[in-house]
Structure formats: structure tokens, C-alpha cells
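Working notes for the structure below.
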Amino acid sequence: MNDNMILAKTNFGPDWIDLGLGEPTTILNSCHRYCNSFGKSLKFFEQNDIDKLTYPLPQGMPELVSLLEKRHGGRVVVTNGAKQGISAVCYALKKNGVNKMAVHTPYWLATPTLIEKELIDCIKVPADSTSYGAFMLTNPGNPDSRELTSQQLMELDGESKNSGIFLIHDAAYYTPIYTRNPKDLVDIGSAQIFSFSKMYGLSGLRLGYVVCRDDRLFDYILEYIEIMSSGVSLASQRIALSVEKHFDSNKDLKKSFEEEARTSLNQARNELLNLDPLAMSLVNPDASGMFAWCKKGDQLDLNSAKVNAIDGSHFGSPDMVRLNIAQDPSVIREAVRRINESKKL
């Protein structure tokens, strides 16, 4: 019935028989029977859960997509984590003729690899440069929690549109938990990429989504998801949907959750003020976010301290180190104690 090759699940409408998708439905039904035979039952494998175990639609669960589109005012594609979202956007940019993309230094260590994987040159530039066909803005920043104000973001968005530049916002940390002004978030860019891992701490779901604000990108983003993974786990999407619906119907509860998380991050960052500068010193103590960007001291010895951190060389800044402070403040306090006491002689 269809002359085009379709690689992912498609809703053709009522009364269709889909013999094109490589989905082993009878095998699934048999597996269900055998997993619930002989008086034994798997709780996640009840008959009414069968639909959760089939191929998902490539754009995402309609209910989850609709909820997110209503929130952001743009077309949404659910992805297997924010990394796949970045890859999908880069694929779409390449299809639109983009051959170079700029990123600020310091940059998230995976960003250049994800960009270059789609055969786009990644250009590392100072924080005030955007003069390329596309620009990937990570805001708030990773590793340094650098953050532009909403006014600066809107100005950058306007400049990008006027210059014909694709502005891509890596918005993994662009939530009320990690930003200085949680009530002052704005919609910008050709696409914004969000992460349930960072938004709610649901890292194991491997779930993110792209808000596409440029029609030139949407079909290619969807095409990438179809080709690479045939959509995103329905089980993960259902968990995310239940969290979203719960907080949507309990907005005061969501506000309390976000405030508690922000308070914990601030307390953890304050513990770093006790670092001995001979070992390490905190840069920009007024920053928000889950990362602390610290300058190495001459006597830093993380191996002796038995404290794991990411060396700044991976972010283009070898004299720095990144600490994840999204930990209980007592853990950060102990890490500071060890770092201070384990200085090289």
C-alpha cells in the first residue's frame, strides 16, 4: 500500500493491517503466555501491559508529546537521552547544508564528538563569538555552570535569526533547579534539547526531548530517530509521563521539590569555599547548577584523596577540574576534607 520504505512504527489510521513493520507480535503474545504460565506471573507483563512492549511511535507517546508541546509551544520529538537529541539535531543541520558549528570554550566533553560524528566541523570559540552557520549554546554551562540572563538569551536569539544562523540550545540544565532565576526561563533557538535525567534525576530512563522551532529541522530529527532507534522505550516514556502529570496536577509540590533541590546544590557549593587553594579553588562561587568549576592548585592530589573528578583537559581547559556537586552536602564536605589533607608535599 505504501511506496516508501517506513522504518519505524506509523499510525496509518483505523482498519489498517500493518505488515511492513518488523515487529514480532505473535512472538510477544507467546512470550506473554509462557511468562505467566505454571502459576507464575511477572507483574510487568500483564495482558493490559502488552501495548507497552511494542515499538513506539518515533515522535514519542502522543500523550507525553502533547503535554510537552503545550508547555514549550513548539513541536517535540522524544529522544533516547539528550545525547541522541544533540545527534538528531546535528543530523538535521547537516541535511540543511551546515558544515561548521561553533561551541563555547569550555565545552561539554561529548559535544564536539557528537557534532563531528555527523560530519560537521566543530569550531571552539570564545564565549562572545557566534559567527558560523550554526551555534551550539550550552546554557547553563557544563562544566562551568556559566549562565546567560534571559535578556542575553533573547538578544542572542534575535541576532541568530537576523544573521540566518541556526541557534541550538543544549538546555539539559535549563530548569528551575539549575538556573539563577527559576521563574525567568525563555523559549529560544532553532531547537532546544532537554533531559529528564537532569530535570528529575531520572538518569536510568535514558530520556530526553527536542523542542523544534524551525520547520526545516523537524522532519530530519524525526528521520534520525526512526533510523537509529525506532523510537524510545515506552516503559521509560510512561514513567516520565506519570511524573509530569503528577507535578502538573500538584504544582505546589513541584515548586517544593525544585526549591529543595536548589537548596541542596547551594549548600554543597558553599562547602567548596573551604577548599585549600594550594590544592584547588572554586571559580565563580555565585554560580548555580550541579557542577563546580575549580582551578587546580600546585599541590592537588586527587588520587591520594580518593576523590574522582573530571580533569578540565577534557573540556578544553587543562588547568581546571569539574566537580559534580549534586550530592548530599555531607559528601562534598568529606571530599573537601580529603582534598585539603592529601596535598602533595
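Note: hydrogens, waters and symmetry copies are ignored here, and every other heavy atom, side chains too, is used.
The minimum heavy-atom distance linking T105 with G316 is given by the pair CG2-O, 4.1 Å. Taking all atoms of both residues into account, the shortest heavy-atom contact from T175 to T179 is O-OG1, 3.0 Å. Minimum heavy-atom separation, L272 to A292: CD1-CB, 3.2 Å. Closest approach of N80 and S233 over heavy atoms only: OD1-N, 4.4 Å. Closest heavy-atom contact between Y174 and V186: OH-N, 2.9 Å. Nearest approach of R216 to D214, heavy atoms of both residues: NH2-OD2, 2.8 Å.
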Q: Show your working on side-chain hydrogen bond (donor to acceptor under 3.5 Å, both in side chains) between Y91 and E223 and close with a plain yes or no.
A: CA-CA 9 Å; Y91 173 86; E223 180 178 276; 2.4 Å; yes
Q: Would you check, one step at a time, whether the test side-chain contact (heavy atoms from CB on, under 4.5 Å) holds for I188 with L156?
A: CA-CA 9 Å; I188 62 162; L156 181 60; 5.9 Å; no
**Q.** side-chain contact (heavy atoms from CB on, under 4.5 Å) between L323 and I310, intermediate numbers included
**A.** CA-CA 7 Å; L323 305 178; I310 305 298; over 6 Å; no
**Q.** Verdict with supporting geometry, Y107 and D144, side-chain contact (heavy atoms from CB on, under 4.5 Å)
**A.** CA-CA 9 Å; Y107 44 80; D144 59 352; over 6 Å; no
Q) Where do V210 and Q192 land on the side-chain contact (heavy atoms from CB on, under 4.5 Å) test, with the steps shown first? A) CA-CA 6 Å; V210 178; Q192 288 182 294; over 6 Å; no
Would you mind writing out the side-chain donor-acceptor pairs for residues 276-286 within the sub-3.5 Å range, not counting sequence neighbours?
{"from": "D276", "atom 1": "OD1", "to": "L278", "atom 2": "N", "distance (Å)": "2.9"}
{"from": "D276", "atom 1": "OD2", "to": "K343", "atom 2": "NZ", "distance (Å)": "3.2"}

Ignoring hydrogens and angles, write down the donor-acceptor pairs under 3.5 Å from the side chains of residues 62-75, residues two or more places apart or on other chains.
{"from": "E63", "atom 1": "OE2", "to": "K245", "atom 2": "NZ", "distance (Å)": "3.0"}
{"from": "E69", "atom 1": "OE2", "to": "Q59", "atom 2": "NE2", "distance (Å)": "3.4"}
{"from": "E69", "atom 1": "OE2", "to": "V76", "atom 2": "N", "distance (Å)": "3.0"}
{"from": "R71", "atom 1": "NH1", "to": "E244", "atom 2": "OE1", "distance (Å)": "3.4"}
{"from": "R71", "atom 1": "NH1", "to": "E244", "atom 2": "OE2", "distance (Å)": "3.3"}
{"from": "R71", "atom 1": "NH2", "to": "E244", "atom 2": "OE1", "distance (Å)": "2.4"}
{"from": "H72", "atom 1": "NE2", "to": "Y209", "atom 2": "OH", "distance (Å)": "2.8"}

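Between C122 and M101, every side-chain heavy-atom pair lies at or beyond the 4.5 Å cut-off. When side chains are defined from C-beta on, S190 counts as touching I168, because their heavy atoms get closer than 4.5 Å. Using a 4.5 Å heavy-atom cutoff, the side chains of Q237 and P56 are in contact. At a threshold of 4.5 Å between non-hydrogen side-chain atoms, the residues S160 and F135 do not count as touching. Residues P182 and E258 form no side-chain contact, since every pair of their non-hydrogen atoms from C-beta on lies 4.5 Å or further apart. Here the side chains of V211 and V77 are not in contact, with every heavy-atom distance at 4.5 Å or above. Residues D170 and M136 are in side-chain contact: their nearest non-hydrogen atoms beyond the backbone lie under 4.5 Å apart. Residues V78 and M61 fail the side-chain proximity criterion, which asks for heavy atoms closer than 4.5 Å.
Following chains of ILVMFWY side-chain contacts shorter than 4.5 Å, one can reach L273 starting from F291, so the two form part of one hydrophobic cluster. Under the 4.5 Å side-chain heavy-atom criterion for ILVMFWY residues, no single connected hydrophobic cluster contains both V331 and L275.
With no hydrogens or angles considered, a side-chain donor-acceptor pair links E155 and Q151 at under 3.5 Å. Counted by atom type alone, S342 and D301 present zero donor-acceptor pairs between their side chains at under 3.5 Å. Looking only at atom types and distance, the side chain of E147 has no donor-acceptor partner in the side chain of S288 under 3.5 Å away.
With respect to the salt-bridge test (charged N to carboxylate O, under 4.0 angstrom), the residues E271 and R333 qualify. Electrostatic pairing of R337 and E341 counts as a salt bridge here, judged by a charged N lying under 4.0 Å from a carboxylate O.
The CD1 atom of I123 sits 9.5 Å away from the CD1 atom of I115 when rounded to the nearest 0.5 Å. Atom CD of residue E118 and atom CG of residue L93 lie 9.5 Å apart, to the nearest 0.5 angstrom. To the nearest 0.5 Å, the span separating NZ on K161 from CZ on F166 amounts to 12.0 Å. In this structure, S264 OG and I325 CD1 are separated by 8.5 Å, a value rounded to the nearest 0.5 Å. From E260, atom CD reaches atom CD1 of I177 across 10.0 Å, with rounding to the nearest 0.5 Å. Rounding to the nearest 0.5 Å gives a distance of 6.5 Å between OG1 of T149 and CG of L153.
Not counting sequence neighbours, K124 has no partner by the salt bridge (charged side-chain N to carboxylate O under 4.0 Å, His left out) test. K296 meets the salt bridge (charged side-chain N to carboxylate O under 4.0 Å, His left out) test with D311; sequence neighbours excluded. Every residue was checked against the salt bridge (charged side-chain N to carboxylate O under 4.0 Å, His left out) condition with K117, not counting sequence neighbours, and none meets it.
Among I221, T111, I120, the single residue meeting the side chain to side chain contact (heavy atoms under 4.5 Å, CB included) criterion with C90 is I120.
Proximity of a side-chain donor or acceptor of S242 to a complementary backbone N or O of I239 within less than 3.5 Å is detected. A donor-acceptor pair is defined here as one N or O able to donate and one able to accept, closer than 3.5 Å; such a pair exists between the side chain of N96 and the backbone of A92. A donor-acceptor pair is defined here as one N or O able to donate and one able to accept, closer than 3.5 Å; no such pair exists between the side chain of N139 and the backbone of G141. Distance alone, capped at 3.5 Å, is enough to place a donor-acceptor pair between the S195 side chain and the S197 backbone. Although no hydrogens or angles enter the test, the distance criterion places no donor-acceptor pair under 3.5 Å between the side chain of S317 and the main chain of D319. No donor-acceptor pair under 3.5 Å is formed between the side chain of R180 and the backbone N or O of A287.
Listed by first and then second residue, the ring pair (Phe, Tyr, Trp, His ring centres under 6.0 Å) pairs that reach into residues 297-326 are W293-F315, sequence neighbours excluded.
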